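Data block below; observations after.
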Amino acid sequence: MNKKTPYILIMPIVLLGVLFIYGLVNGIIQSFGYIPAFDLRDFTLDYYVKVIKSPTFLDSLKLTLQISLISSILSAVLGTILTAALVYTGHTEGKALQIIKLAILIPHTIVALFSISILSQNGLLARLFYKLGLIDAQTDFPLLLYTKNNIGIILGYLWKEVPFVAYFSLSLMASINKTLGEAAENLGASRLKSFFYITLPLSMPAIGKAFLIILTFSFGAYDLPFLLGATVPKALPVQAHIEYIHPDLRHRPYAMAMNGLILLITWIMAGIYYLVTNSKKIKGDNHERS
Amino acid sequence: MKDLSSNRLLKIFLYLALFAILAPMVIIIFWAFANQWPWPNLLPTSYSLRGVKEIFAPYGKVFPILTSSITLSLTVALLSAIIAIMTARAIVFYDFWGKGILDFISMAPNLVPSTVFAMGIHVVFIKMSLANTPLGVIIVHLIYTLPYTINIMRNLTESIGKDMEQQAYVLGASPWKSFLYISFPLLLPGIIASITMAYILSFSQYFVTLLIGGGKVMTFSMIMVPFIAKGDRTLGSAYALVFVISTLLVFTIINTIMKRFQKRKEKYNWN
Amino acid sequence: SKNNTTNPNEKLVEFDPNAGFDTLLEQAKGTTVTFYGWGGDENRNRFLNESLAPKLKEKYDITLEVVGMDIDNILAKLAGEKQAGLEEGSIDMIWINGENFYSAKENDLLFGPFTDKLPNFEKYIDTEDEEVLNDFGFPIEGYEAPYGKAQLVFLKDSAVTPETPRNTQEFLDFCKKYEGKVTYAALPDFTGSAFVRTLIYDIVGHEQFLTMEADKEVVREAIEPALEYLRELNKYLWNQGKTFPATNGEVDNMFQDGELVMAMSYGPYAAAVGIEKGIYNDTVKTFVFDNGTVGNTNYIAIAKNSPNKAGAMVVINEIISAETQAEQFEALKTLPVVAYDKLSDEEKARFDKVDIGQGVLPQDQLLSKRLPEMPANLVPIIEEIWLEEVVGK
Amino acid sequence: MELEIRNISVSLSNKEILKSINLTVENGEFISLLGASGCGKSTLLKTIAGIIKQREGSILLGGKVLDRLPPHKRRTVIVFQDFRLFPHMTLAENISFPLKMMGVNKSECRKRAIELLKKVKLEGYEDRFVDEISGGQKQRVALARALAADPVVLLLDEPFSSLDVNLRKDMRELVLDLQKEYKITTILVTHDQEEALAMSDRIAFMYNGEILQYDKPENIFNNPVNTIVADYFSEGTYISGEIRDRRFISDFFNISANKDNGRYKCLIRPAALKVSKANDSDFEVVAKVYQGDNYLLKINKKDSNLKLESILNEPLDIEEGDKVTIELDKDKLIFIPE
Amino acid sequence: MELEIRNISVSLSNKEILKSINLTVENGEFISLLGASGCGKSTLLKTIAGIIKQREGSILLGGKVLDRLPPHKRRTVIVFQDFRLFPHMTLAENISFPLKMMGVNKSECRKRAIELLKKVKLEGYEDRFVDEISGGQKQRVALARALAADPVVLLLDEPFSSLDVNLRKDMRELVLDLQKEYKITTILVTHDQEEALAMSDRIAFMYNGEILQYDKPENIFNNPVNTIVADYFSEGTYISGEIRDRRFISDFFNISANKDNGRYKCLIRPAALKVSKANDSDFEVVAKVYQGDNYLLKINKKDSNLKLESILNEPLDIEEGDKVTIELDKDKLIFIPE
Ligand SMILES: Nc1ncnc2c1ncn2[C@@H]1O[C@H](COP(=O)(O)OP(=O)(O)OP(=O)(O)O)[C@@H](O)[C@H]1O
Ligand SMILES: Nc1ncnc2c1ncn2[C@@H]1O[C@H](COP(=O)(O)OP(=O)(O)OP(=O)(O)O)[C@@H](O)[C@H]1O
Ligand SMILES: [Mg+2]
Ligand SMILES: [Mg+2]
């Protein structure tokens, strides 16, 4: 209608956005060794160079990518199945949804507590196996936590993120499924095909965004890898956190440089995501616009 | 035939998933009252009310803090939903300068490690006298929740489209009224979802709250996290239990209030 | 910080640390003092809020606000405030020690010297004590006042493990016997780190570190035998030393659950506290090596931009009084910082009377087995070396 | 294949919508389903396709009970009244969707889609998206998509309602050609009786969830079982009377009628009435409505409430207000037992 | 009020949809907009209502330029082709929505809604939700809602397309009554020429984004400006020829014609052709299609590709395969300049 309307609508987000960018720049500047409060005034890339050159960096990067990719891909897939399960079995509201919200609600530190209580060699699963006579000692139980296979961390993320994906994309999928899903089935598409060709593609905007959110989150979060991960190699965010809590305040730029790298990689991942989704959309763009 | 079985598979998957979510919750209930739970027992061997006592101890101010924390998070959730509705409308319905940038900005807080942003914004907020104030905390929480709420609102706004509002215009409704009477009810499921999501994020936010709130603005996470971090399972679980129960209560209240706005609960409320 | 300016006089009378304690008392009246420190110990929280705070209110009309926050965040906050040029910050007192103190003082985040202005400092504290002069080998110079004493102790359940390792060799045997049931928290966990230093001390002695140059190669060379030992030890540790639990809390939990046979704590009376809470069996016992374990003191400092330094000084003065220390000893079972011989008989009696509980070592025995911390700047170097040369090796 | 609907009852939101419907459509037969708005036509089609579940009764296709077959295996394809095109697909993709489901390869799919688009006169639209086309265009795409699905039973829910006469004619022919060629059993829902009369082998007339009459077009038009059916096809004026000895006797006129004795209503449709100008008549033209090829005259009888209508094929010189004499075409009179 | 459309051009997705449309509708006039599917009818209505922005041109209402007025202030109410009922409201709420916007109080709103529902023959449906009613019912609710809005200009986009003849007739009358009563300037989009011819004061014929002819119904039917318009109203057979001295001369026949000299096409619509049985004729009936009131005969001429159609009002005895003679009704022949 009015030419001014969109600008009024975006006013709050722009204000917050400016604040955000201001804060971000202020934070990232520290990674270049500029923290006048600690008498660090040289603008330098040294910290980045040192971080990248450190012998553990590549291992850490690989580990972090592995954790975040595996857990977010699995979360997206399982989350989509869960959404479908909710939609197709008519549980789009009520108790089931409350339970799902519960998982989103629980902080990661508590998820770590769960993981340890259940998955460790001392955990309930191991105890159950022991009681059932499947194992003779704690150490017979496969090591899922604190090891390089990262199963514990990934399961922890799955526990939280699968429900998140479901919650995030449920409304969209439910609304699409009704009329168009029906039409597809009528045209000879089985439930499964109607899901894959109609319901899923149309729900993709939500699922994709959920995927991106958890991908970048799991790439930058330290709670679970710190509490459940192996001592070495450490995930990047864990290392950044440890650098951050390093008592020597003049050490801070290392932490910030590490965070800067995480930021960079996250943005690259987001960039790839946008490229991939947009290239797919070129065809489908029009219907979203009008 | 095959179809029926695929439906059954989905059902099984659903129930498994729900079980997998609920089962660990039982653990925190046990731990909240357990003292010892040694190998290889499947149930705790000794119980105590240490956790309960701690929570109800007056010095801990658990309940005043809980109340103010809920208020703060509700404020954040409401504001976040409102801003998300506005932003989603702008992005979906209008073309304006900087739309692409805005689109990215609205996602960006998700793409920045919280330490970098929090440390940066901390200095900014101190200069603006926003540090250590509830307003400052609300603002950073908003920045963190908006990517989620904007995305939720955007998908829904897109899928509802402009048709219905156009119809309202030609029937004589001003843009504001058409929004209020037509789009708002249609967006309601998304609004509830946004409020829920934002509330969860705000309520469980720890690090930034700590830094920006500076200990002057206390939230429930801030009294809970130290115990969890220390590995005190009894106290950690007891706090976590309060955390979960209070949130479920809040959700129930939100839902009841929202239900007043909508007539056909069964159709439009997927919460 | 508005809270702190409720006293209308405060603005009129400029704060001057040298103005005499009575002036400070006057200035502190009716103000609020914020005390930032780790908040994960419910006993301490209770003591501060239920015992100390009411007393301060009554005696000095000071409101004590206790804020639970990890030291790294406290420092981050102070640093941010400094960067923003905030003259009046939000933090008054900080619970701090070691490397963090070193770094905070170095970066001009702390106010001081102030301990010499506290009547009780002179009255109760042994001002010549190594731990009053130096914190992790770094001179304190009046920038922090002692708050409590900590010492690394080991815990075992005597019903499970009758033997008590007295030195590193016996410890190795112990680990061999209970293979896979001993471990320690991965460095840089505070307790895990102290444990490794204790082992190092036992193998290569502790004196050389007090003057050692903070150079990685030098340190590496000095501790090489200890590294050798640690690598050997790995074979018998939990999960063959390939990984270590991330926190000492986790180690403690594993001990409680019976997955480990040994735990450790920086709180010397942890066994008593645990047994009282019911999380440890009554048979849990404390032990230390014959050569001793590292001990340190934790302190209270005042932020450079504290808005209420007068109040903070009054509170700290109260904390280091015999009375408060005794109360703290009773409630928290932390070693008091007051010098025993400076106490009156009455006061002595009060300390003697304290029932320190089950499964612990008496105070004098502990203090006799107390090793000084190495200089703060060596600690991160050792942690780095440990990560590179011990884990999984 | 032969479609048999046996005793189908359907309830929606606890309202009984279909009441014991019975209907048999022969293999390759083309029937129309007529009835007033809201009588349950769409519901019946959806039930046949398995999208709505019946509360009672069975549906048989070629003698096999369909009831437990999921929708996608029935090969009963609907053109929905509200189209339901897929918004994320181009028109070509929409049309080739059912082909893709059958496993037809991509290039073949597209070829066939383009072919079908051409048939529904939308050549060159293959890469458009659904929200870039008009209402009538959507309807044609929906039709093309259904045809692509190679249906055994084709269920058309007002598939031509948004099309103008010419296009409608073409689309009708398209459907009929394919229907004949592949012997597709077809049910057409339409509100256009002319369409129904012209296209169908038989017509089922629905009312309020029931089928009142199911018969050949000419029979249903000329011998409606009751006034509801009669009215639907074209309104007219009812004159009550009695037939005795092959003559219909009423207050207004007597005329020969080839029916059994009894009380009847005689329906005079406009087409049954011829008028000619005459100055001294009781009948007066009160309105003359232009209808393109012809005019509709509304005629009142003086001093009575008898109202008649007539079709005037030649413009002639009859105008509003003229007095006319009337003449009934006895072959076009319809007698309905009371 | 008088509606004037001046030189309106509209583009969508970079395609030019409307090309310099000019159209004036007098105060209280009822006009119809006809044209093939996809020609731009709906787009024009939406542009008038302000929902689509024109690229060029102006719209004036009662002499006032509307261009900068937002849709909700124009009082140009559309009944959309796709209904757009509000799914979260009952039917009564849907209908009273515009009233509520005008500030009418609740009980009054409901009263009026129930009144209107009755008028569109949906008594008792006031508390249903939109997804609980049939297609035709939705269409009527949409109409009722538009009428409730008290429009100054009423824009009807195929408002009767899902209704059967009887209902359609009632709805037409309802609209016409209200339209006359309140002098609502009305534009009706329809694909039913009969409807257009019967209801309208004038008809605008659109083709490909342009208006080809704008005239009184009879003129547009009898004197189409070109074959596109002619074809739209009823197809027939074109015979090329020449008029000289008031006579049309062609290969097939000569006949008197009251036109200027020049080359013409003569359009023979079915209604212009009378047939009678005759054994020795070149013309043969190749098909006889039942159309309810009458039959359509398709007639081919032996040894030529001339195909004709005729309407047979009496069933008579002419059947497929019969030979017939033909007779042209010169008043129904249409001459279109080439
Ligand atoms: N968003 C769009 N982008 C591009 N082209 C469009 C768009 N919307 C409509 N069109 C095209 O514009 C033309 C006119 O559309 P419009 O809906 O006005 O047709 P119409 O005359 O109402 O047809 P119908 O009788 O089928 O409803 C059509 O050919 C259609 O394909
Ligand atoms: N979900 C529902 N709940 C209750 N009643 C319904 C529901 N859906 C449809 N109806 C009612 O069922 C009846 C039949 O609907 P249906 O759609 O089959 O009608 P139809 O014959 O196709 O009418 P139309 O010609 O208007 O499309 C209608 O009166 C409608 O109001
Ligand atoms: Mg229908
Ligand atoms: Mg249209």
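It should be emphasised that the depicted structure is a prediction, and the values quoted were computed from it without experimental measurement.
The greatest number of non-hydrogen atom pairs below 4.5 Å with chain B, out of A:Pro107, A:Ala221, A:Ala84, is found for A:Pro107. The most heavy-atom pairs under 4.5 Å with chain B, out of A:Pro12, A:Pro237, A:Gly220, A:Ala210, come from A:Pro12. Ranked by heavy-atom pairs shorter than 4.5 Å toward chain B, the options A:Leu24, A:Ile104, A:Ile81 are led by A:Ile81. Your options are B:Met128, B:Gln205, B:Met119, and the one with the most heavy-atom pairs under 4.5 Å with chain A is B:Met119. Ranked by heavy-atom pairs shorter than 4.5 Å toward chain A, the options B:Ile28, B:Ile82, B:Leu156, B:Ile139 are led by B:Ile28. Listed options A:Leu16, A:Ile106, A:Leu86 were ranked by heavy-atom pairs under 4.5 angstrom with chain B; first place goes to A:Leu16. Residue with the most contacts toward chain B among A:Ile28, A:Ile13, A:Val25: A:Ile13 (heavy-atom pairs, distance under 4.5 Å).
For the residue pair A:Leu105 and B:Ser204, the shortest heavy atom distance occurs at O-CB, 4.3 Å. Nearest heavy atoms, B:Arg89 versus A:Leu9: CB-CD1, 3.9 Å. Contact between B:Asn155 and A:Pro205 at its shortest, heavy atoms only, is OD1-CB, 3.7 Å. In terms of heavy-atom proximity, B:Leu14 sits nearest to A:Thr89 at CD2-OG1, 3.5 Å.
There is no contact between A:Leu215 and chain B, counting heavy-atom distances below 4.5 Å. Looking at A:Phe20, both its backbone and its side chain come within 4.5 Å of chain B, counting heavy atoms on both sides. For A:Ile29, no part lies near chain B; criterion is any non-hydrogen pair under 4.5 Å. The parts of B:Leu18 that come within reach of chain A are both its backbone and its side chain, each placing non-hydrogen atoms under 4.5 angstrom from that chain. The part of B:Trp31 that comes within reach of chain A is its side chain, from C-beta onward, which places non-hydrogen atoms under 4.5 angstrom from that chain. When heavy atoms are compared at a cutoff of 4.5 Å, B:Phe19 does not approach chain A at all. Heavy-atom distances place the side chain of A:Phe164, and not its backbone, under 4.5 Å from chain B. If you measure heavy-atom distances from A:Ala240 to chain B, you find no contacts under 4.5 Å at all. With a threshold of 4.5 angstrom between heavy atoms, B:Phe251 approaches chain A through side-chain atoms but not through N, CA, C or O. Only the side chain of A:Gln30 comes within less than 4.5 Å of a heavy atom in chain B; its backbone stays farther off. When heavy atoms are compared at a cutoff of 4.5 Å, A:Leu227 does not approach chain B at all. Residue B:Tyr199 does not touch chain A at all, counting heavy-atom pairs closer than 4.5 Å. For A:His108, no part lies near chain B; criterion is any non-hydrogen pair under 4.5 Å. For B:Ile105, the part lying near chain A is the side chain, with the backbone staying farther off; criterion is any non-hydrogen pair under 4.5 Å. If you measure heavy-atom distances from B:Ile150 to chain A, the contacts under 4.5 Å come from the side chain alone. Using a 4.5 Å cut-off between heavy atoms, A:Leu128 contacts chain B through both its backbone and its side chain. In this structure, the portion of B:Ser159 lying under 4.5 Å from any heavy atom of chain A is its side chain and not its backbone. Of the atoms belonging to B:Ser237, it is side-chain heavy atoms, and not backbone ones, that fall under 4.5 Å from chain A. Residue contact with chain A, scored on non-hydrogen atoms closer than 4.5 Å, involves the side chain of B:Ala17 exclusively.
Interatomic distance, CE of B:Met86 versus CE of A:Met11, reported as 7.5 Å (0.5 Å rounding). The line from CG of B:Asn41 to CZ of A:Arg127 is 6.5 Å long, rounded to the nearest 0.5 Å. Note that the CG atom of A:Leu15 and the CG atom of B:Leu142 stand 11.5 Å from one another [nearest 0.5 Å]. The structure places OH of A:Tyr88 at 14.5 Å from CZ of B:Phe13, a figure rounded to the nearest 0.5 Å. Atom CG in B:Leu22 sits 4.0 Å away from atom CD1 in A:Ile99 (nearest 0.5 Å). Separation of atoms CD1 (A:Ile21) and CZ (B:Phe117) is listed at 10.5 Å; rounding is to 0.5 Å.
Between the side chain of B:Trp39 and the backbone N or O of A:Gln138 there is no donor-acceptor pair closer than 3.5 Å. A donor-acceptor pair is defined here as one N or O able to donate and one able to accept, closer than 3.5 Å; no such pair exists between the side chain of B:Arg233 and the backbone of A:Leu113.
Between A:Ile213 and B:Met107 the shortest side-chain heavy-atom distance falls below 4.5 Å. The shortest side-chain heavy-atom distance between A:Lys101 and B:Met197 does not fall under the 4.5 Å cut-off. Within the 4.5 Å cutoff, no side-chain heavy atoms of B:Leu42 are placed close to those of A:Tyr130. A 4.5 Å side-chain heavy-atom check between A:Ile118 and B:Pro24 finds at least one atom pair inside the cut-off. In this structure, A:Trp159 and B:Ile21 have side chains that are in contact, with non-hydrogen atoms separated by less than 4.5 Å. Side chains of B:Lys99 and A:Ile10 form no contact here, defined as non-hydrogen atoms less than 4.5 Å apart. Between A:Thr109 and B:Tyr206 the shortest side-chain heavy-atom distance does not fall below 4.5 Å.
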Just do the side-chain contact (heavy atoms from CB on, under 4.5 Å) check on B:Val124 and A:Leu19 with the steps written out, would you? CA-CA 8 Å; B:Val124 178; A:Leu19 258 179; 4.1 Å; yes
Could you go step by step and tell me if A:Phe217 and B:Asn110 meet the side-chain contact (heavy atoms from CB on, under 4.5 Å) rule? CA-CA 7 Å; A:Phe217 175 85; B:Asn110 258 315; 5.5 Å; no
Working for side-chain contact (heavy atoms from CB on, under 4.5 Å), residues B:Asn255 and A:Gln98: CA-CA 11 Å; B:Asn255 271 350; A:Gln98 293 290 352; 3.8 Å; yes
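Scored by the ring-ring contact (aromatic ring centres under 6.0 Å, His included) test, B:Phe243 finds B:Phe203 as partners (sequence neighbours excluded).
The salt bridge (charged side-chain N to carboxylate O under 4.0 Å, His left out) contacts involving residues 158-168 of chain A comprise nothing, where partners must be two or more places apart or lie in separate chains.
Separation of the A:Tyr22 and B:Phe125 ring centroids does not fall under the 6.0 Å cut-off. In this structure, A:Tyr7 has its ring center no closer than 6.0 Å to that of B:Trp97.
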Indicate every side-chain donor-acceptor pair of residues 261-271 of chain A with a distance under 3.5 Å to a residue at least two apart or in another chain.
unit_1	atom_1	unit_2	atom_2	d
A:Thr266	OG1	A:Ile262	O	2.5
A:Trp267	NE1	B:Leu111	O	3.0

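Residues of residues 224-232 of chain B lying under 4.5 angstrom from chain A, judged on non-hydrogen atoms, are B:Met224, B:Ile228 by number.
The environment of B:Phe179 atom CZ is dense: over 12 non-hydrogen atoms of other residues, nucleotides or ligands sit within 6.0 angstrom.
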